[in-house]
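One structure is given here, and the rest of the page talks about it.
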Amino acid sequence: MDPARPEFVPDASATREEMESLQHEVAAAAIWDDAFAFDPEAVSTRSERTLDDTGRRTREPPLVAGVDQAFLDDRAVSVVVVRRGDAVVERAHAVTALEIPYIPGLLAFREGGPILAAVADLSCEPDLVVFDGSGRIHYRQAGLATHIGATLDVPSVGVAKGLLCGTPEDDLAERPAGWRTPIRADSEVENADPGTVLGHALQSRQYDSRPIINPVFVSPGHRVGVGTATDLVERLCDGYKLPEPTRLADAYADEVKAESAAAPEGTDESGS
DNA sequence: GCGACAG
DNA sequence: ATCTTGTCGC
(Lines give C-alpha, C1' and ligand atoms only; values in the text may rest on other atoms or scores of the structure.)
Protein backbone atom coordinates (compact mmCIF):
# COMPACT_ATOMS: atom_id res chain seq x y z
CA MET A 1 0.00 0.00 0.00
CA ASP A 2 1.53 3.30 -1.13
CA PRO A 3 0.83 7.00 -0.45
CA ALA A 4 -2.11 8.37 -2.42
CA ARG A 5 -0.88 11.86 -1.59
CA PRO A 6 2.95 11.81 -1.91
CA GLU A 7 3.06 15.53 -1.20
CA PHE A 8 1.88 14.81 2.35
CA VAL A 9 4.65 12.33 3.16
CA PRO A 10 6.36 13.78 6.26
CA ASP A 11 9.93 14.92 5.68
CA ALA A 12 12.03 14.72 8.82
CA SER A 13 14.63 17.09 7.38
CA ALA A 14 12.16 19.93 6.87
CA THR A 15 12.31 23.06 9.00
CA ARG A 16 9.85 23.44 11.82
CA GLU A 17 7.97 26.08 9.82
CA GLU A 18 7.71 23.73 6.83
CA MET A 19 6.45 20.95 9.07
CA GLU A 20 3.73 23.12 10.58
CA SER A 21 2.82 24.43 7.15
CA LEU A 22 2.40 20.87 5.84
CA GLN A 23 0.22 20.05 8.84
CA HIS A 24 -2.11 22.90 7.92
CA GLU A 25 -2.36 21.51 4.40
CA VAL A 26 -3.05 18.03 5.71
CA ALA A 27 -5.74 19.35 8.07
CA ALA A 28 -7.38 21.23 5.20
CA ALA A 29 -7.48 18.06 3.09
CA ALA A 30 -8.55 15.72 5.89
CA ILE A 31 -12.13 14.45 5.91
CA TRP A 32 -13.77 14.36 9.31
CA ASP A 33 -17.08 12.89 8.25
CA ASP A 34 -17.93 9.25 7.66
CA ALA A 35 -16.64 8.60 4.16
CA PHE A 36 -15.86 4.90 4.04
CA ALA A 37 -17.36 1.89 2.32
CA PHE A 38 -17.50 -0.69 5.11
CA ASP A 39 -20.32 -1.29 7.56
CA PRO A 40 -19.28 0.12 10.95
CA GLU A 41 -21.64 -2.29 12.67
CA ALA A 42 -19.65 -5.19 11.25
CA VAL A 43 -16.42 -4.01 12.90
CA SER A 44 -15.67 -6.37 15.74
CA THR A 45 -12.93 -8.27 17.52
CA ARG A 46 -14.98 -11.43 17.49
CA SER A 47 -16.52 -13.26 14.58
CA GLU A 48 -19.81 -14.10 16.36
CA ARG A 49 -21.11 -10.57 15.94
CA THR A 50 -20.98 -10.96 12.19
CA LEU A 51 -23.32 -13.95 12.35
CA ASP A 52 -27.09 -13.67 12.26
CA ASP A 53 -29.60 -15.57 14.42
CA THR A 54 -29.22 -18.72 12.39
CA GLY A 55 -25.46 -18.59 12.69
CA ARG A 56 -24.82 -17.73 9.11
CA ARG A 57 -22.39 -15.04 8.18
CA THR A 58 -24.30 -11.98 7.12
CA ARG A 59 -21.49 -9.70 6.11
CA GLU A 60 -17.74 -9.89 5.67
CA PRO A 61 -16.00 -8.20 8.64
CA PRO A 62 -13.92 -5.19 7.50
CA LEU A 63 -10.13 -5.37 7.38
CA VAL A 64 -8.88 -3.45 10.42
CA ALA A 65 -5.19 -2.67 10.84
CA GLY A 66 -3.32 -1.71 13.98
CA VAL A 67 -0.09 0.32 13.75
CA ASP A 68 2.48 0.63 16.50
CA GLN A 69 6.17 1.14 17.05
CA ALA A 70 8.99 0.16 19.37
CA PHE A 71 12.41 1.76 19.56
CA LEU A 72 15.99 0.54 19.60
CA ASP A 73 18.52 3.30 20.24
CA ASP A 74 18.36 5.29 17.02
CA ARG A 75 16.16 2.87 15.12
CA ALA A 76 12.40 2.63 14.87
CA VAL A 77 10.60 -0.70 14.61
CA SER A 78 7.30 -0.03 12.84
CA VAL A 79 4.64 -2.69 12.43
CA VAL A 80 1.20 -3.15 10.95
CA VAL A 81 -1.10 -6.01 11.85
CA VAL A 82 -4.23 -6.51 9.78
CA ARG A 83 -7.17 -8.55 10.93
CA ARG A 84 -10.57 -9.55 9.58
CA GLY A 85 -12.73 -10.12 12.62
CA ASP A 86 -10.48 -12.06 14.97
CA ALA A 87 -8.23 -13.55 12.30
CA VAL A 88 -4.84 -12.06 11.50
CA VAL A 89 -4.70 -11.67 7.74
CA GLU A 90 -1.34 -10.00 7.28
CA ARG A 91 1.57 -8.45 9.14
CA ALA A 92 4.35 -6.20 7.93
CA HIS A 93 7.24 -4.43 9.60
CA ALA A 94 10.19 -2.17 8.91
CA VAL A 95 13.27 -1.26 10.92
CA THR A 96 14.50 2.19 9.97
CA ALA A 97 16.90 4.81 11.25
CA LEU A 98 15.28 7.54 13.34
CA GLU A 99 16.05 11.02 12.09
CA ILE A 100 14.58 13.41 14.61
CA PRO A 101 13.70 13.35 18.31
CA TYR A 102 10.19 13.29 19.71
CA ILE A 103 8.67 16.75 19.75
CA PRO A 104 5.06 17.18 20.95
CA GLY A 105 3.01 18.19 17.94
CA LEU A 106 5.51 16.87 15.39
CA LEU A 107 5.24 13.14 16.07
CA ALA A 108 4.31 12.32 12.46
CA PHE A 109 7.67 13.64 11.29
CA ARG A 110 9.51 11.24 13.59
CA GLU A 111 7.34 8.15 13.11
CA GLY A 112 5.49 8.79 9.85
CA GLY A 113 8.28 7.76 7.49
CA PRO A 114 9.00 4.51 9.36
CA ILE A 115 5.28 3.68 9.42
CA LEU A 116 4.91 4.29 5.69
CA ALA A 117 7.89 1.99 5.13
CA ALA A 118 6.10 -0.83 6.94
CA VAL A 119 2.77 -0.13 5.23
CA ALA A 120 4.49 -0.23 1.83
CA ASP A 121 5.00 -3.96 2.32
CA LEU A 122 1.31 -4.58 2.85
CA SER A 123 -0.33 -6.48 0.00
CA CYS A 124 -3.87 -5.84 1.20
CA GLU A 125 -5.65 -2.53 1.64
CA PRO A 126 -7.18 -2.10 5.14
CA ASP A 127 -10.70 -0.68 5.46
CA LEU A 128 -9.66 1.08 8.67
CA VAL A 129 -6.32 1.82 10.35
CA VAL A 130 -5.98 2.38 14.10
CA PHE A 131 -2.97 4.49 15.11
CA ASP A 132 -1.39 4.85 18.52
CA GLY A 133 -1.53 8.60 18.97
CA SER A 134 -3.77 11.55 18.24
CA GLY A 135 -5.60 12.36 15.05
CA ARG A 136 -7.63 15.54 15.04
CA ILE A 137 -6.80 16.22 18.69
CA HIS A 138 -3.71 18.18 17.72
CA TYR A 139 -2.54 21.81 17.74
CA ARG A 140 -3.07 22.05 13.99
CA GLN A 141 -5.61 19.23 13.75
CA ALA A 142 -3.06 17.04 11.99
CA GLY A 143 -1.84 14.43 14.45
CA LEU A 144 -0.21 11.16 13.39
CA ALA A 145 -3.50 9.37 12.61
CA THR A 146 -4.74 12.25 10.48
CA HIS A 147 -1.43 12.88 8.74
CA ILE A 148 -0.73 9.27 7.76
CA GLY A 149 -4.40 8.50 7.15
CA ALA A 150 -4.68 11.41 4.71
CA THR A 151 -1.35 10.55 3.08
CA LEU A 152 -2.60 7.03 2.36
CA ASP A 153 -6.17 8.26 1.92
CA VAL A 154 -7.38 5.43 4.13
CA PRO A 155 -10.06 5.69 6.85
CA SER A 156 -8.24 6.06 10.17
CA VAL A 157 -8.66 6.82 13.85
CA GLY A 158 -6.20 7.82 16.55
CA VAL A 159 -6.14 6.35 20.05
CA ALA A 160 -3.86 8.14 22.51
CA LYS A 161 -3.14 7.25 26.12
CA GLY A 162 -2.63 10.87 26.98
CA LEU A 163 -4.31 14.15 25.99
CA LEU A 164 -2.15 16.37 23.78
CA CYS A 165 -4.41 19.42 23.75
CA GLY A 166 -8.03 20.45 23.86
CA THR A 167 -10.42 20.68 26.81
CA PRO A 168 -12.51 17.81 28.19
CA GLU A 169 -16.15 18.76 28.61
CA ASP A 170 -16.41 16.86 31.89
CA ASP A 171 -14.12 15.81 34.70
CA LEU A 172 -12.33 12.60 33.68
CA ALA A 173 -11.84 11.12 37.12
CA GLU A 174 -13.12 7.69 38.02
CA ARG A 175 -15.64 7.08 35.28
CA PRO A 176 -17.38 3.77 34.58
CA ALA A 177 -16.56 1.67 31.52
CA GLY A 178 -18.39 2.87 28.43
CA TRP A 179 -18.43 6.50 29.52
CA ARG A 180 -17.28 9.20 27.12
CA THR A 181 -17.06 12.97 27.03
CA PRO A 182 -16.16 15.40 24.22
CA ILE A 183 -12.73 16.99 23.88
CA ARG A 184 -13.28 20.49 22.55
CA ALA A 185 -10.98 22.88 20.74
CA ASP A 186 -9.68 25.75 22.85
CA SER A 187 -7.35 28.67 22.12
CA GLU A 188 -4.40 26.27 21.77
CA VAL A 189 -5.92 24.67 18.68
CA GLU A 190 -5.34 26.52 15.41
CA ASN A 191 -7.92 26.92 12.67
CA ALA A 192 -10.73 25.53 14.79
CA ASP A 193 -13.66 27.39 16.26
CA PRO A 194 -13.38 27.14 20.06
CA GLY A 195 -15.79 24.48 21.19
CA THR A 196 -15.44 22.32 18.12
CA VAL A 197 -15.50 18.67 19.16
CA LEU A 198 -12.12 17.21 18.19
CA GLY A 199 -12.53 13.81 19.77
CA HIS A 200 -13.57 12.03 22.95
CA ALA A 201 -12.11 10.80 26.19
CA LEU A 202 -13.35 7.21 26.35
CA GLN A 203 -13.33 5.09 29.49
CA SER A 204 -12.68 1.86 27.61
CA ARG A 205 -12.26 -0.21 30.73
CA GLN A 206 -12.60 0.22 34.48
CA TYR A 207 -12.27 -1.92 37.59
CA ASP A 208 -14.96 -2.05 40.22
CA SER A 209 -12.41 -0.68 42.65
CA ARG A 210 -8.77 0.22 42.37
CA PRO A 211 -6.46 0.56 40.66
CA ILE A 212 -8.24 3.22 38.65
CA ILE A 213 -7.67 3.20 34.92
CA ASN A 214 -7.36 6.40 32.91
CA PRO A 215 -9.46 6.87 29.78
CA VAL A 216 -8.04 6.79 26.24
CA PHE A 217 -8.38 9.76 23.91
CA VAL A 218 -9.98 8.96 20.59
CA SER A 219 -10.08 11.28 17.60
CA PRO A 220 -10.78 11.03 13.88
CA GLY A 221 -7.84 10.41 11.64
CA HIS A 222 -9.29 10.65 8.15
CA ARG A 223 -12.63 9.78 6.54
CA VAL A 224 -14.27 9.16 9.93
CA GLY A 225 -16.43 11.47 12.02
CA VAL A 226 -15.86 12.05 15.75
CA GLY A 227 -18.79 10.03 16.99
CA THR A 228 -18.11 7.13 14.66
CA ALA A 229 -14.41 7.13 15.53
CA THR A 230 -15.23 6.58 19.19
CA ASP A 231 -17.95 4.03 18.37
CA LEU A 232 -15.47 2.06 16.27
CA VAL A 233 -12.78 2.10 18.93
CA GLU A 234 -15.30 1.01 21.53
CA ARG A 235 -16.24 -1.95 19.31
CA LEU A 236 -12.57 -2.82 18.94
CA CYS A 237 -11.90 -2.96 22.67
CA ASP A 238 -12.19 -6.46 24.07
CA GLY A 239 -11.96 -6.20 27.84
CA TYR A 240 -8.79 -4.15 27.85
CA LYS A 241 -8.01 -0.45 27.98
CA LEU A 242 -6.52 -0.43 24.49
CA PRO A 243 -8.28 -1.60 21.33
CA GLU A 244 -7.32 -5.03 20.02
CA PRO A 245 -5.60 -3.79 16.84
CA THR A 246 -3.26 -1.70 18.97
CA ARG A 247 -2.57 -4.52 21.39
CA LEU A 248 -1.67 -6.94 18.61
CA ALA A 249 0.55 -4.40 16.89
CA ASP A 250 2.20 -3.66 20.22
CA ALA A 251 2.99 -7.33 20.80
CA TYR A 252 4.29 -7.79 17.26
CA ALA A 253 6.48 -4.70 17.60
CA ASP A 254 8.02 -6.23 20.71
CA GLU A 255 8.74 -9.44 18.80
CA VAL A 256 10.44 -7.65 15.95
CA LYS A 257 12.34 -5.49 18.39
CA ALA A 258 13.70 -8.56 20.19
CA GLU A 259 14.81 -10.08 16.89
CA SER A 260 16.36 -6.82 15.74
CA ALA A 261 18.21 -6.31 19.02
CA ALA A 262 20.80 -8.95 18.15
CA ALA A 263 21.26 -7.77 14.57
CA PRO A 264 23.55 -4.68 14.28
CA GLU A 265 22.03 -3.02 11.23
CA GLY A 266 19.53 -3.97 8.59
CA THR A 267 20.07 -7.68 9.05
CA ASP A 268 16.49 -8.51 8.18
CA GLU A 269 16.05 -12.27 7.82
CA SER A 270 12.30 -12.28 7.23
CA GLY A 271 12.58 -9.75 4.44
CA SER A 272 10.19 -7.06 5.58
C1' DG B 1 9.18 33.95 32.29
C1' DC B 2 6.36 29.48 33.53
C1' DG B 3 3.84 25.47 32.55
C1' DA B 4 2.08 21.86 29.18
C1' DC B 5 3.21 18.58 25.98
C1' DA B 6 0.67 12.00 21.57
C1' DG B 7 5.13 8.50 21.39
C1' DA C 1 8.79 5.56 24.01
C1' DT C 2 12.40 3.16 27.36
C1' DC C 3 14.74 1.29 31.97
C1' DT C 4 12.59 -3.09 35.30
C1' DT C 5 11.07 -7.56 40.22
C1' DG C 6 7.94 -8.75 42.49
C1' DT C 7 3.28 -8.84 43.70
C1' DC C 8 -1.81 -8.54 44.31
C1' DG C 9 -6.01 -10.50 42.36
C1' DC C 10 -9.47 -12.87 39.20
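Keep in mind that the numbers below use all heavy atoms, side chains included, and drop hydrogens, waters and symmetry copies. Residue numbers begin at 1 in each chain, while the letters A, B, ... track the order of the sequences.
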DNA chain B stem ranges, 3 or more consecutive Watson-Crick or G-U pairs under 3.5 angstrom: none

Pairwise N/O distances under 3.5 Å, protein to nucleotides 5-10 of chain C:
none

Looking at Tyr252(A), is Arg83(A) sitting on its ring face, NZ or CZ under 6.0 Å from the six-membered ring centre and within 45 degrees of the normal? no

For every nucleotide of nucleotides 2-7 of chain B, 5' to 3': is a protein heavy atom under 4.0 Å from its base (B), only from its sugar-phosphate (S), or from neither (-)? ---BBB

I need the CG-C1' distance between Asp73(A) and dT2(C), as an integer number of Å. 10 Å

Of Leu144(A), Thr96(A), Val80(A), which meets side chain to side chain contact (heavy atoms under 4.5 Å, CB included) against Ile115(A)? Leu144(A)

Look at Arg223(A) together with Asp153(A) and state whether they make a salt bridge at an N to O cut-off of under 4.0 Å. yes

Group every Ile, Leu, Val, Met, Phe, Trp and Tyr by side-chain heavy-atom contacts under 4.5 Å, then state whether Leu232(A) and Val159(A) land in the same group. yes

Go through it in stages, so that I can follow the logic: the residues are Arg180(A) and Asp231(A), the test is salt bridge (charged side-chain N to carboxylate O under 4.0 Å, His left out), and I'd like the CA-CA distance, side-chain angles, deciding distance and then a yes or no. CA-CA 10 Å; Arg180(A) 70 168 72 171; Asp231(A) 291 342; 2.7 Å; yes

Interatomic distance, CZ@Phe36(A) vs OG@Ser156(A), rounded to 0.5 Å, equals 11.5 Å

Nearest non-hydrogen partners of Val64(A) and Pro245(A), listed with the distance: CG1-CG, 3.8 Å

Can you spot which of Phe109(A), Phe131(A), Phe8(A) makes a ring-ring contact (aromatic ring centres under 6.0 Å, His included) with His147(A)? Phe109(A)

Determine the minimum heavy-atom distance between Ile213(A) and Gln203(A), stating which atoms define it. O-NE2, 2.9 Å

Can Gln141(A) and Thr146(A) be counted as having a side-chain donor-acceptor contact under 3.5 angstrom? no

